[in-house]
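Below you'll find the structure, written out as structure tokens, and then a few comments.
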Amino acid sequence: MEKPKLRWIDASPFDHEGTEMILLKDTEDIADHSLIVSKHAAFLLSLMDGTRTVEELKDEYQRTLGQIIEIEQVLGLVEAMDLNLFLMNDRFVSHFLRLKDEYEKAGVRESCLAGKGYPGERDELLAFLDRMLSTGEVPEPEGEVTGILAPHIDYGRGGYVYRRVYRYLKGAEKPLIVLLGTCHAFTQDMWNISEKDFATPIGIMPNSPELCGMIKARRELSKCVKEWPHRREHSIELQLPIIQFMTAGHKIEILPILTGSMHEQITGSKSLEDEEITIPLSSLKEVLKAYGKPYLVVAGADLAHMGAQFGDPFILDRKILSQSRKKDEAILEHVKNVNAYGFFNEVRMEEDRRRICGLTAIYFQLSLLEGSRSEIVGYDQWYDGRSSVSFAGGVFYAAD
């Protein structure tokens with residue numbers, strides 16, 4: 001508390017009755033509540049990096065903004081952050097370690113979206129999915145389905161693309177699904193593999209103890225087994241009820257993998273040939289081959305994130321959205337060609353300015369499905385007048 005340090009949290013601007021406010025959200029859901037603060041309070045929070053005393057925070061605020069602030073106001077904000085577990089201090093660490101220990105001891109990863117992101121009761125959820133995924137005639141796949149690229153945006157905004165792509169899963173079940181998803185919380189690891197079974201209101205989707213044992217037997221993969229990032233991540237969870245609905249009556253195992261950031265590869269400080277990418281990838285291919293069961297590779301991965309919600313200073317208009325769509329089409333051309341390097345390089349050439357949220361998950365999906373062929377069967381841009389998220393649906397087939 002002497003030199004308060006803010007944790008890694010998400011700060012998003014929004015309009016509240018004509019006043020721009022900042023929504024503070026804990027991406028790891030360790031804190032029970034989100035907080036709303038003014039722009040000036042957000043600036044003060046940005047100074048809390050663990051190097052300044054409360055008195056120094058007061059002085060820097062006044063010097064930069066030219067406004068008087070009382071020491072009691074600074075202390076009040078610090079205490080509010082501490083109370084809500086937004087500060088990196090002993091109180092937070094103690095709470096975090098208790099939660100982490102409880103979660104890692106649990107055999108099942110419970111749903112965190114049931115009753116929030118989708119209905120929490122089994123029959124209600126099945127009826128909801130039936131309405132969302134009702135497509136009439138199911139298209140005839142153009143071959144053996146080996147993978148699906150799906151959104152990870154919520155069902156309300158992504159329903160059209162979820163419906164377009166997941167209809168290809170009907171009748172294309174495999175006994176194993178490798179699930180790749182974006183890890184939205186901060187993680188130092190490129191891969192975060194879970195050994196847990198995953199629960200939804202429809203039932204349990206089991207992991208394979210045998211496959212996990214094979215993974216843990218290989219040093220380069222065993223160090224990728226990281227449970228905590230999965231606790232509150234939605235990118236994989238949103239795939240599960242749909243998969244359960246579309247494969248009802250079939251026994252399926254899952255291997256959930258959350259992927260980290262490729263920022264260093266985008267900036268050029270690391271290469272795609274870096275061992276943290278190449279070694280786990282080649283090792284997993286070998287393990288999956290040795291395991292022997294046919295598998296699908298499913299990625300829950302959105303595309304561009306633009307506008308005020310994501311910190312862009314420009315006004316997001318239809319012209320910019322049209323330009324963004326064309327850039328999405330360029331990167332999706334590489335998805336169609338199942339070209340992992342081309343996909344990554346297309347994003348790197350624009351320095352990932354549009355924040356391709358599914359960059360890492362899609363890169364590894366394309367790498368795992370090398371030699372397949374693909375088609376894009378759905379695309380959409382959500383837009384609320386200030387911000388936008390784009391996403392696509394792709395189906396992969398075994399090579400002819």
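Computed from heavy atoms alone, side chains included, the values below leave out hydrogens, waters and symmetry copies. One-based numbering along the sequence shown.
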message: Between Gln239 and Tyr166, do the side chains contain a donor N or O and an acceptor N or O under 3.5 Å apart?
response: yes
- prompt: Do NZ/NE/NH1/NH2 and the carboxylate oxygens of Lys105 and Asp101 come within less than 4.0 Å?
  reply: yes
message: For Pro206, is there any backbone N or O sitting under 3.5 Å from a side-chain donor or acceptor partner on Asp197?
response: no
- request: Name all residues meeting the ring-ring contact (aromatic ring centres under 6.0 Å, His included) criterion together with Tyr61; count only those two or more places apart in sequence or in a different chain, and write none if there are none.
  value: none
- prompt: Would Ser111 and Tyr118 count as having a side-chain donor-acceptor pair, cut-off 3.5 Å?
  reply: yes
query: Residues two or more places apart in sequence or in another chain: which of them pass ring-ring contact (aromatic ring centres under 6.0 Å, His included) with Trp382?
result: none
query: Does the salt bridge (charged side-chain N to carboxylate O under 4.0 Å, His left out) test come out yes or no for Asp49 and Lys5, once each step is laid out?
result: CA-CA 5 Å; Asp49 59 1; Lys5 182 178 181 179; over 6 Å; no
message: If you compare all heavy atoms of Pro13 against all heavy atoms of Ala308, which two are closest, and at what distance to 0.1 Å?
response: CG-O, 3.0 Å
field: salt_bridge(Arg354, Asp328) N-O dist < 4.0 Å
entry: yes
field: side chain to side chain contact (heavy atoms under 4.5 Å, CB included) between Leu179 and Ile257, worked out
entry: CA-CA 6 Å; Leu179 281 161; Ile257 305 174; over 6 Å; no
Side-chain (Ser324) to main-chain (Ile320) donor-acceptor, under 3.5 angstrom: no
- prompt: What residue among Asp380, Ile331, Val389 forms side-chain contact (heavy atoms from CB on, under 4.5 Å) with Leu303?
  reply: Ile331
field: Heavy-atom neighbours of His250 NE2 exceed 12 at 6.0 Å
entry: yes
query: Will you find, in the side chains of Thr200 and Gln244, an N or O donor that is under 3.5 Å from an N or O acceptor?
result: yes
task: Answer whether the closest heavy-atom distance between the side chains of His152 and Cys357 falls below 4.5 Å.
output: yes
query: Using a distance-only test with no angle check, is there a side-chain donor-acceptor pair under 3.5 angstrom linking Ser271 and Gln265?
result: no
message: Check this for me: does any side-chain nitrogen of one of Glu286 and Arg218 sit under 4.0 Å from a carboxylate oxygen of the other?
response: yes
message: Just checking His263: does its NE2 atom have more than 12 heavy atoms from other residues, nucleotides or ligands closer to it than 6.0 angstrom?
response: no
query: Quick check: does any side chain N or O of Asp154 sit under 3.5 Å from a backbone N or O of Arg157, one acting as donor and the other as acceptor?
result: yes
query: Is there a salt bridge (charged side-chain N to carboxylate O under 4.0 Å, His left out) between Glu370 and Lys285 once you walk through the steps?
result: CA-CA 11 Å; Glu370 184 180 12; Lys285 287 181 178 180; 3.7 Å; yes
Glu237/Arg231 salt bridge by N-O under 4.0 Å criterion: no
Asp274 side chain to Ile277 backbone, donor-acceptor under 3.5 Å: no
task: Given side-chain hydrogen bond (donor to acceptor under 3.5 Å, both in side chains), test Tyr397 with Glu375 step by step and report yes or no.
output: CA-CA 9 Å; Tyr397 300 103; Glu375 64 173 325; 2.9 Å; yes
message: With a 3.5 Å distance limit and no angle check, can you tell me whether Asp302 reaches the backbone of Pro151 through a side-chain donor-acceptor pair?
response: no
- request: Salt-bridge test for Lys270 and Glu275: reply yes if a basic N is under 4.0 Å from a carboxylate O, no otherwise.
  value: no
field: Check: Ser12/Asp10 side-chain N/O donor and acceptor closer than 3.5 Å
entry: yes
- prompt: Is atom CD of Glu102 surrounded by more than 12 heavy atoms (other residues, nucleotides or ligands) closer than 6.0 Å?
  reply: yes
field: Stacked cation flag Lys196 on Tyr103, 6.0 angstrom / 45 deg
entry: yes
query: Between Leu258 and Ser235, what is the shortest heavy-atom contact and its length?
result: CD2-OG, 3.5 Å
- request: Would you please say whether a donor-acceptor pair under 3.5 Å links the side chains of Arg109 and Ser194?
  value: no
query: Taking atom types as modelled and ignoring hydrogens, do the side chains of Ser208 and Tyr291 form a donor-acceptor contact shorter than 3.5 angstrom?
result: yes
message: Which residue in the set Arg318, Arg325, Lys319, Gln323 passes side-chain contact (heavy atoms from CB on, under 4.5 Å) when paired with Leu321?
response: Arg318
- request: Please name all residues satisfying ring-ring contact (aromatic ring centres under 6.0 Å, His included) with Phe186, sequence neighbours left out, ordered by chain then number.
  value: Trp8
- request: Determine yes or no for a side-chain-to-main-chain donor-acceptor pair under 3.5 angstrom, with Lys174 supplying the side chain and Val145 the backbone.
  value: yes
- prompt: Looking only at heavy atoms, which two atoms of Leu359 and Phe343 are closest? And how far apart?
  reply: O-CE2, 3.5 Å
- prompt: Hey, are the side chains of His184 and Glu233 touching, using non-hydrogen atoms and a 4.5 Å cut-off?
  reply: yes
Residues Asp312, Arg355: salt bridge by 4.0 Å N-O rule: yes
- request: Would you indicate whether the side-chain heavy atoms of Phe364 and Val297 approach each other to under 4.5 Å?
  value: no
Check: Thr64/Glu60 side-chain N/O donor and acceptor closer than 3.5 Å: yes
task: Check whether any side-chain N or O of Ser282 sits under 3.5 Å from a backbone N or O of Ile279 as a donor-acceptor pair, and report yes or no.
output: yes
message: As a quick check of understanding, evaluate salt bridge (charged side-chain N to carboxylate O under 4.0 Å, His left out) for Glu333 and Lys336, giving each step before the final call.
response: CA-CA 5 Å; Glu333 190 65 28; Lys336 287 173 62 177; 3.8 Å; yes
task: Taking all heavy atoms of Lys58 and all of Ile69, pick out the closest pair and write down the distance.
output: CE-O, 3.3 Å
query: Side-chain heavy atoms under 4.5 angstrom apart, residues restricted to Ile, Leu, Val, Met, Phe, Trp, Tyr: same cluster for Phe86 and Leu23?
result: no
field: Nearest atoms (heavy-atom pairs only) where Leu180 meets Gln365
entry: CD1-N, 3.6 Å
